[in-house]
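Written below as structure tokens is the structure these notes are about.
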Amino acid sequence: MRMSRLFLRTLRDDPSDAEVDSHRLLVRAGYIRKVASGLYSWLPLGARVLQRVSEIVREEMDRAGAQELLLPIVQPLELWERTGRDKSYGPLMFKFEDRKGTGFALSPTAEELVSAIVAGEYTSYRDLPVNLYQINWKYRDELRPRFGLLRAREFLMKDAYSFDRDLAGLQAAYDAMFDAYGQVFTRCGLTFRAVKAQSGEIGGDTSQEFMAVAAVGEDAFVWCESCDYAANTEAATRRPTHQSAAPAAAGPRTRVHTPDLPGVDGVARHLGTSPDLVLKCIAFDVDGELGLAVVPGDREVNEFALKGALPGQTVRLYRDSDFTAHPDLPKGYIGPDFVGAKVVLCDSAVRAPHGWVTGANEIDHHTTDTVLGRDFTPTAWGEIVVVAPGDQCPSCGAALRIDRGIEVGHVFQLGTKYAEALGANYTDDAGEQHPMVMGCYGIGISRIVAAVAEEHHDDNGLAWPAALAPYDVHLLALGDVGPAADALYSELTAAGHAVLYDDRDARPGVKFADADLLGIPVQLVVGTKGLARGVVERKMRVTGERDELQVDAVVPALARA
RNA sequence: CGGGAUGUGGCGCAGCUUGGUUAGCGCGCAGCGUUCGGGACGCUGAGGCCCCGGGUUCGAAUCCCGGCAUCCCGACCA
């Protein structure tokens, strides 16, 4: 491509509305332009990168045995009503009506539609397994789009759906997708981890997220320094801190006046102690009764862990409205011995060998030297805190760490939820009907572009991994070298390289600066000085390494690289 | 949804407090000349519904009211 003809305008100044590096540089380098909040146009360079990521994903999906299809983006709302997700997805969906008043939505994902299609075609165990995927635009009217492509309202996603006879089949499909995902992100040059996750809105059981490690990532995840344990903060757990209660060294329990101090930090400061010696009692609803989650004051309750600790029961943390409905609850001053509590679920850290400062079950009062066993008795134990750095890994005991990441992929074992709702059943070899067992697997393709830009750039601009760069080689013609540069351009193109040829009538400094900003991996500089000695200069964008190549050795040299 | 900030040629910004010529600056763009290995310089030029609507006033980018848009922070943890 001759740069003199490329639809491109680079910007010298950072766009005022871009905060993170990927957004800032993709706009400055002319890859994307914002149309509205969370909506972007992909200019030619950006479109090529998106295409290259798509191609990598396509190759790995095909290799893993999945089959590509293409589903409509506009989907009847009726389909979503059948699984109830028109409500649960609710405001996240872009909804509208056609001229006849029929409801439609722009697809935020496609479990319903795929299930309905499979239900309409396949009915026999002989048909299974099958794994279908598409690469298509998805729409979510996000609460708060931000960080450019990282949380957009329109984004390109690869979504795959597997259908199996049983759980063993699902596990095999899931494993195949998991491995393929590792290949995709490795090929894209991302530093990533697969972390255990909660399934969230989509439903189902086992799920793992692929997180590209990045300081600007919106999600924190926990990982172990010495083994491969990794989980997002919702799903993460730790080893119990105390297996059994040691006798607490404490004096008599004492009631103290703590006026207007509902917060742990304020109470600790007021009493000259530290937050980790204060017990926090968080009220929750368990099957309509009052429960208390008891954790040290420097910790937070993990609502997912809380639910996991009380299997089979419906658990929900109290909201302001619950406290309004229960004026008898001294919010901020509840102790673990509160009389109305049917369940007192303590974290293992509560077994620490010392007395605690706790709420005195009365507004403006706390008690000191509150002792486990003497002053309060838990009804249950569990690991219910949000994991913090330094906690022990549940599988090996080494220290856990927390990093931030960008969720670039997510694999789920869904089970039969959608198959049942949409009638995706099959007949087995004994003539009996069963719902198909589903998995679903997503990759944020446009988000990968941003995540890679986030990881691969420097002060001068982008620095694409070779696999994703919009062009392989950036050929710069400096000064009066037209014929030689033209010849090289033709040779390289003929040899199969995607070449961006800066044939513009611009000064060298402009060309160098733009080349670094665009971030194509190999820069070839044809200048009058070098040409006089029969050489062109090669610069590697990532490392900055330079060397010289004889003009007639350029094509073979690049072929080797 | 709550809080904060912003909206002025394609991009980045000043002007607004204290209303008053023809609305400025840098980049970019066009023409001419000089220059030519890390975002050159000079001269000339084009390009603006000052976010939208209403109001105050002889007069509004500027003051008032109401919208809209964009960005940031937060969105239950006692």
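What you see is a predicted model; the values in this text were computed from it and never measured. Lettering of chains follows the sequences in order, A, B, ..., and the numbering in each one begins at 1. Note: hydrogens, waters and symmetry copies are ignored here, and every other heavy atom, side chains too, is used.
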Below 4.0 Å: OP1/OP2 of U6(B) and any side-chain N or O of Ser16(A)
no
Applying a 4.0 Å non-hydrogen cut-off, can you work out what [X] is touching in the nucleic acid: base, sugar-phosphate, or nothing?
X         : answer
Gly527(A) : base
Arg33(A)  : nothing
Phe147(A) : sugar-phosphate
Glu19(A)  : sugar-phosphate
Lys34(A)  : sugar-phosphate
Arg299(A) : nothing
Ala283(A) : base
Ile334(A) : nothing
Asp14(A)  : sugar-phosphate

Could you measure the distance from the CD atom of Gln523(A) to the CG atom of Asp502(A)? Nearest 0.5 Å is fine.
10.0 Å
Distance in Å, Glu362(A) CD paired with His365(A) NE2, rounded so as to fall on 0.5 Å steps:
5.0 Å
Please give, in whole Å, the distance from [N] [atom2] to [X] [atom1]?
X         : N      : atom1 : atom2 : value
Leu517(A) : C11(B) : CG    : C1'   : 14 Å
Arg151(A) : U70(B) : CZ    : C1'   : 18 Å
Lys539(A) : G38(B) : NZ    : P     : 12 Å
Phe7(A)   : G10(B) : CZ    : P     : 14 Å
Asp17(A)  : C13(B) : CG    : P     : 9 Å
Gln523(A) : G37(B) : CD    : P     : 17 Å
Asp285(A) : C77(B) : CG    : C1'   : 16 Å
Arg504(A) : A40(B) : CZ    : C1'   : 15 Å

Which nucleotide, [options], lies nearest any side-chain atom of [X]?
X         : options                : answer
Arg9(A)   : C29(B), C36(B), C11(B) : C29(B)
Lys280(A) : U70(B), C77(B), G38(B) : C77(B)
Leu317(A) : C77(B), U70(B), C36(B) : C77(B)
Lys529(A) : C77(B), G37(B), C73(B) : G37(B)
Glu303(A) : C77(B), U35(B), U70(B) : C77(B)
Arg146(A) : C72(B), G37(B), C77(B) : C72(B)
Val301(A) : G38(B), A40(B), C77(B) : C77(B)

Looking only at atom [atom1], what distance separates [N] and [M], rounded to whole Å?
N      : M      : atom1 : value
G47(B) : A23(B) : C1'   : 14 Å
C63(B) : A69(B) : C1'   : 23 Å
C71(B) : C32(B) : P     : 41 Å
G3(B)  : A75(B) : P     : 15 Å
C50(B) : G7(B)  : C1'   : 10 Å
G59(B) : G19(B) : C1'   : 8 Å
U17(B) : G67(B) : P     : 24 Å
G48(B) : C25(B) : C1'   : 15 Å

Basic-acidic side-chain contact under 4.0 Å: Lys511(A), Asp516(A)
no
Please name the nucleotide paired to [N] by Watson-Crick or G-U wobble geometry with both distances under 3.5 Å, or report none.
N      : answer
C77(B) : none
U70(B) : A5(B)
G53(B) : C65(B)
G28(B) : none
U34(B) : A40(B)
G19(B) : none

Work out which heavy atom in Pro470(A) is nearest to a heavy atom in Arg48(A); give both atom names and the distance.
O-NE, 2.7 Å
Shortest non-hydrogen contact between Leu518(A) and Tyr31(A), atoms and distance:
O-OH, 2.6 Å
Nearest-nucleotide 5' precedence on RNA chain B, Glu537(A) against Cys281(A)
Glu537(A)
Pairwise 5' ranking along RNA chain B for Pro15(A) and Pro145(A), keeping only the more 5' one:
Pro15(A)
Side-chain donor or acceptor of Arg546(A) under 3.5 Å from a matching atom on the base of G37(B)?
no
Could you tell me if Arg351(A) sits above the aromatic ring of Trp381(A), with its cationic atom closer than 6.0 Å to the ring centre and no more than 45 degrees from the axis?
yes
Cation-pi check, Lys34(A) to Tyr40(A): give yes when NZ or CZ is under 6.0 Å from the six-membered ring centre and within 45° of the ring axis, no otherwise.
no
Would a line drawn from the ring center of Tyr489(A) to the ring center of Tyr501(A) be shorter than 6.0 Å?
yes
Hey, do the aromatic rings of His366(A) and Tyr333(A) have their centres closer than 6.0 Å?
yes
